[in-house]
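Some notes on the structure that comes next.
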There are 2 protein chains.
Amino acid sequence: MTIKQVSEQYHISVDTLRYYERVGMIPPVTRTASGIRDYNKEDLKWVELAICMRNAGLPVEAMIEYVRLCRIGDTSIGDRLHLLEEQRTVLLEQRRQIDETLERLNYKISQYEIAARTGKFPECRCCHKC
Amino acid sequence: MTIKQVSEQYHISVDTLRYYERVGMIPPVTRTASGIRDYNKEDLKWVELAICMRNAGLPVEAMIEYVRLCRIGDTSIGDRLHLLEEQRTVLLEQRRQIDETLERLNYKISQYEIAARTGKFPECRCCHKC
DNA sequence: TCTTGACTTAGAGTCCACTCCAACAATTAT
DNA sequence: ATAATTGTTGGAGTGGACTCTAAGTCAAGA
């Protein structure tokens, strides 16, 4: 699979795909005899994982470290487990923060909906007059 | 309340507090006669809101626009409601993405726990041998 | 009064995660 | 065969969100 096809399938730019490989966020991709990238199934799995992690906001650095650990073999299993658990903690905290903000947003939106209908804000416990 | 006290109370640097004000992410803060910031209750509410939004990962730009709309008065209520709903959509999508990544992470972690105990991976449906 | 520490601004610097560019090589279409 | 497209690299540029520095002002204690 060419870089362009991968780019289209995963809605990610070819520049970003090359960047991920260059910095080690995914292992080196399979190449044709003439040096052109030809993503195989496993390469795609790595791409998918990288995109998933980045979409959740995890740092590129963490993926680079994970890939590095994978490449040194079985002796790094404990370290890899530790890394994954750390990133899970980060995501759980991030989700908690999002939920907190969503609650605040929902309250503000409800006040604004009343304001939009009635022309003025109700008895508003909301911060700074909403 | 001085900038330093606010900085300590909200675990945010004084530089960031000044930056938020400078770019318009919060309205101008109350000052003493000699020009020194003296955050009052309402100023603090704005700081709190700004921090909450940023912690959830919402862009500074969105808060700037919200503050701008608030400052032009009641005619912007509809626009403010629209902005808040947009940001809520962003957060819901972000949370969905985090949940997806958490699921993947949890599966990988479970495989690694087995591997760490037994010394090798179980029949692994996980991508790239975990 | 003097020193110490906290405050002010404007502007420069940093870090992250891309994103773009130049110059060239390989493949595909006509 | 040639033109267009897609690929390659190394390196420079960008945008977002801070973070730091310089040069100076203000306030509280000895």
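Labels below follow one simple rule: chain letters A, B, ... track the order of the sequence lines, proteins then strands, and each chain is numbered from 1. Everything quoted here is computed from the prediction, not taken from an experiment. Any value given below was found using the heavy atoms of this structure, including those in side chains, with hydrogens, waters and symmetry copies removed.
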(Q) Rounding to an integer number of Å, can you tell me how far Ile64(B) CD1 sits from dC18(D) P? (A)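 Checked: the CD1 to P distance equals 11 Å.
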Taking N or O atoms only and anything under 3.5 Å, show me the protein contacts with nucleotides 19-23 of chain D, one pair per line.
none

Give [X] one of three labels, base, sugar-phosphate or nothing, depending on what nucleic acid heavy atoms sit under 4.0 Å from its own.
| X | answer |
| --- | --- |
| Arg18(B) | base |
| Thr32(A) | nothing |
| Arg54(B) | sugar-phosphate |

Q) How far apart are the C-alpha atoms of Asp79(B) and His82(B), what are their side-chain angles, what is the distance that settles it, and do they pass the side-chain contact (heavy atoms from CB on, under 4.5 Å) test? A) CA-CA 5 Å; Asp79(B) 290 341; His82(B) 182 67; 5.5 Å; no
For [N] and [X] - does any side-chain N or O of the residue sit under 4.0 Å from the phosphate oxygens OP1/OP2?
| X | N | result |
| --- | --- | --- |
| Arg31(A) | dA26(C) | no |
| Tyr20(A) | dC18(C) | yes |
| Arg37(A) | dG7(D) | no |
| Ser34(A) | dG7(D) | no |

Q: Please test Arg80(A) against Tyr66(A) for side-chain hydrogen bond (donor to acceptor under 3.5 Å, both in side chains), starting from the C-alpha separation and ending with a verdict.
A: CA-CA 6 Å; Arg80(A) 279 184 258 167; Tyr66(A) 181 70; 5.1 Å; no
Q | Ile36(B) side-chain proximity, nearest of dC18(D), dA17(C), dC26(D) | A |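 The nucleotide sitting nearest to the side chain is dC26(D).
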Q: Grab the two heavy atoms, one from Leu91(B) and one from Ala56(B), that are nearest each other, plus how far apart they are.
A: CD2-O, 3.7 Å
Q: Taking all heavy atoms of Trp46(A) and all of Ile26(A), pick out the closest pair and write down the distance.
A: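 So the minimum-distance heavy-atom pair works out to O-CG2, 3.7 Å.
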Q: Step by step, work out the side-chain hydrogen bond (donor to acceptor under 3.5 Å, both in side chains) result for Asp43(A) and Thr30(A).
A: CA-CA 7 Å; Asp43(A) 296 326; Thr30(A) 313; 2.7 Å; yes
